[in-house]
There are 2 protein chains.
Amino acid sequence: MKLEPHNNGDATRERILDEAERLFAQKGYDAVTVREITSAAGAHLAAVNYHFSNKENLYLEVFRSRWMQRALKMRQPLLELEQRDDFTAEDVVRTLARAFLAGDLTAEQRQRHSLLASREMGNQSGVFKLLAQESMVPFMDLVVRLWQRCLPRPMAVESLELIALSIFSQVLYFNFARPAVSLVTGREYDTEFVEQLVDHITNFALHGLNGDETQ
Amino acid sequence: MKLEPHNNGDATRERILDEAERLFAQKGYDAVTVREITSAAGAHLAAVNYHFSNKENLYLEVFRSRWMQRALKMRQPLLELEQRDDFTAEDVVRTLARAFLAGDLTAEQRQRHSLLASREMGNQSGVFKLLAQESMVPFMDLVVRLWQRCLPRPMAVESLELIALSIFSQVLYFNFARPAVSLVTGREYDTEFVEQLVDHITNFALHGLNGDETQ
DNA sequence: TTGACATACGAACGTTTGTTCGATACAAAC
DNA sequence: GTTTGTATCGAACAAACGTTCGTATGTCAA
């Protein structure tokens, strides 16, 4: 009856991580049960405690080995931009918006990413500290650094930080609040709409309400 | 030993609603227990089921009788603006930002409001539908209407909706993600910083990165 | 004083929760 | 073939969960 060999390598562990991330993003930590995770992963109930000692550590591991890795991937386009010697402020914003909304991850992965992040933004748990210190702060610093290199006239770091946060709040929101956005705009998150969103965020971040429409 | 009379009017009910809202905002629905709520409210465990039939209905009632009422209050300044016959796009944005970040509610109430909202933005529960249909959509419509009356040249409704969502995402984020914002900026949410945030959002929404600094 | 009514209380219910533990099955090493 | 180590399994645990129910205590009208 049993198809899988017992010496599975890390196959079961990985499957549990996958399903755990999916369910944690969808429902939040407390709404998900260990039985739900292991059942979805086709694993035994006790597998969570065997591979991750306990539920809380599994949650932490989701961030350490899944979320962080994806955060690095999403930072990559900006790092590549940093290598170039000519780029504009628009390049920076567009690259950022594209990385979060239309990068090479799947749509589901992006939503997961933002949902998990937004769930941790409110409290001050250990996961939040990891997420903020290891991902958010370096990301903000990078964006500010890029702007300082390409803006025609210098701006205060404090102002640039706030602007970076404003843009960040938008890409986060347009990802994790999809039901709300779809309801207000009446649009589905198809390729066309996502491209429009990238354009909008770029435009808005550059010129605000007074910006020219590029589309 | 008992100080409160048994015929309490709705005092116990109200106390439970208060503590329930506070705890739901802080921890989320599933992380809060009925015992925790009633204990914080100084009420009996069974009081929740007596006054609200069950936990889920208590959660719904928090939104119906607390959250909605506050949402109306926060819309008020914009409705007053609508009565005037002269106002600028800056007035609209500043009034909106001020209502969410520095209105006459307490700082804690504003954070609660945004935390509860952000928790419901991700899923499609019944509470979300209530929140979106009864509060968010009318709010967006109002903002778009105001802009259409005062902008020098007409803009497409779709563009204005996206801009309204962008501003909304910022005021929401700067409220519910206070730990993250404080960590990145190194600032506490004192009066001065909140005023700076209102200025920033207004400025950013009007001119984006290219905006003049008014401060 | 009595009755009806609303609220609060104590105590328990059945279920679900995360976790534990010993037994079992398999692969690789000796 | 035996041993060793890793992974899975079945079964159970104690604790915590939301909920229920009968009773007690108060208020107010008759």
Side-chain angles (χ1 to χ4, degrees), chain A residues 1-65 119 123 125-127, chain B residues 1-65 119 123 125-127:
Chain A
M1 247 314 101
K2 183 143 51 62
L3 304 174
E4 298 292 326
H6 272 113
N7 198 345
N8 234 350
D10 291 334
T12 303
R13 195 187 130 98
E14 296 299 310
R15 263 186 355 257
I16 290 178
L17 272 173
D18 285 337
E19 297 300 324
E21 183 189 14
R22 185 177 63 84
L23 290 166
F24 281 146
Q26 184 182 109
K27 305 180 162 192
Y29 180 83
D30 295 281
V32 179
T33 68
V34 175
R35 283 168 177 83
E36 201 177 355
I37 296 171
T38 52
S39 171
H44 191 270
L45 166 64
V48 160
N49 302 86
Y50 177 77
H51 287 283
F52 305 94
S53 22
N54 53 41
K55 182 189 177 186
E56 197 176 343
N57 197 257
L58 166 60
Y59 186 66
L60 187 63
E61 197 59 30
V62 163
F63 278 87
R64 273 208 286 250
S65 71
R119 289 226 156 83
N123 51 32
S125 63
V127 173
Chain B
M1 247 313 99
K2 182 143 53 59
L3 303 175
E4 298 292 325
H6 271 114
N7 198 347
N8 234 350
D10 289 336
T12 302
R13 196 186 129 98
E14 296 300 311
R15 267 191 345 263
I16 289 178
L17 272 173
D18 285 337
E19 297 300 323
E21 184 189 14
R22 185 178 63 84
L23 290 166
F24 282 146
Q26 185 183 108
K27 305 180 163 194
Y29 179 82
D30 296 281
V32 179
T33 69
V34 175
R35 283 170 176 82
E36 201 176 355
I37 296 171
T38 51
S39 170
H44 192 269
L45 165 65
V48 160
N49 301 85
Y50 177 76
H51 286 283
F52 305 94
S53 27
N54 54 41
K55 181 189 177 185
E56 196 177 343
N57 197 259
L58 165 61
Y59 186 66
L60 187 62
E61 197 59 30
V62 164
F63 277 87
R64 274 207 286 249
S65 71
R119 286 192 202 281
N123 52 34
S125 63
V127 174

Visitor: Strictly by salt bridge (Lys or Arg N to Asp or Glu O under 4.0 Å), give each pair with a member in residues 39-51 of chain B just once, sequence neighbours left out.
Guide: none
Visitor: Any salt bridge (Lys or Arg N to Asp or Glu O under 4.0 Å) involving residues 46-55 of chain B? Give me the pairs, sequence neighbours left out, ordered by first then second residue.
Guide: none
Visitor: Using a heavy-atom distance cut-off of less than 4.0 Å, which residues of residues 30-47 of chain A contact DNA chain C?
Guide: V32(A), T33(A), V34(A), R35(A), L45(A), A46(A)
Visitor: Taking side-chain hydrogen bond (donor to acceptor under 3.5 Å, both in side chains) as the test, write out the residues that go with R22(B), two or more places apart.
Guide: E19(B)
Visitor: Looking only at heavy atoms, which two atoms of A47(A) and I16(A) are closest? And how far apart?
Guide: CB-CD1, 3.7 Å
Visitor: List for me each residue that meets side chain to side chain contact (heavy atoms under 4.5 Å, CB included) alongside S125(A), sequence neighbours excluded, and say none if there are none.
Guide: E120(A), N123(A), V127(A), F128(A)
Visitor: Going by atom type alone, with no hydrogens or angles, which donor-acceptor pairs under 3.5 Å involve a side-chain atom of residues 27-35 of chain B and a protein atom two or more places apart or on another chain?
Guide:
{"residue": "K27(B)", "atom": "NZ", "partner": "E36(B)", "partner atom": "OE2", "Å": "2.5"}
{"residue": "Y29(B)", "atom": "OH", "partner": "E56(B)", "partner atom": "N", "Å": "3.2"}
{"residue": "T33(B)", "atom": "OG1", "partner": "E36(B)", "partner atom": "N", "Å": "3.0"}

Visitor: Who pairs with E14(B) by side-chain hydrogen bond (donor to acceptor under 3.5 Å, both in side chains), at least two apart in sequence or on another chain?
Guide: R66(B)
Visitor: Counting only side-chain N and O atoms of H51(A), is one of them less than 4.0 Å from OP1 or OP2 of dT8(D)?
Guide: yes
Visitor: Write out all pairs satisfying side chain to side chain donor-acceptor pair (under 3.5 Å) with one or both partners inside residues 37-50 of chain B, taking only residues at least two apart or from two chains.
Guide: none
Visitor: Looking only at heavy atoms, what is the nearest atom pair of R119(B) and F24(B), with distance?
Guide: NE-O, 3.5 Å
Visitor: Could you list the residues that satisfy side chain to side chain contact (heavy atoms under 4.5 Å, CB included) with S53(A), not counting sequence neighbours?
Guide: N57(A)
Visitor: What bend angle does the helix from dT1(C)-dA30(D) to dC30(C)-dG1(D) show across its length, from five-pair end axes and to the nearest 10 degrees?
Guide: 10°
Visitor: Can you tell me the distance, in whole Å, between the CD1 atom of I16(A) and the P atom of dT8(D)?
Guide: 8 Å
Visitor: Of all residues at least two apart in sequence or in a different chain, which pass the side chain to side chain contact (heavy atoms under 4.5 Å, CB included) check with A25(A)?
Guide: R112(A), L115(A), L116(A)
Visitor: For dT8(D), does either OP1 or OP2 sit under 4.0 Å from a side-chain N or O belonging to T12(A)?
Guide: yes
Visitor: Whole-Å distance between dT19(C) P and N49(A) CG?
Guide: 5 Å
Visitor: Using a heavy-atom distance cut-off of less than 4.0 Å, which residues of residues 52-59 of chain A contact DNA chain C?
Guide: N54(A), K55(A)
Visitor: Expressed in angstrom and rounded to an integer, what is the separation of D10(A) atom CG from dA7(D) atom P?
Guide: 7 Å
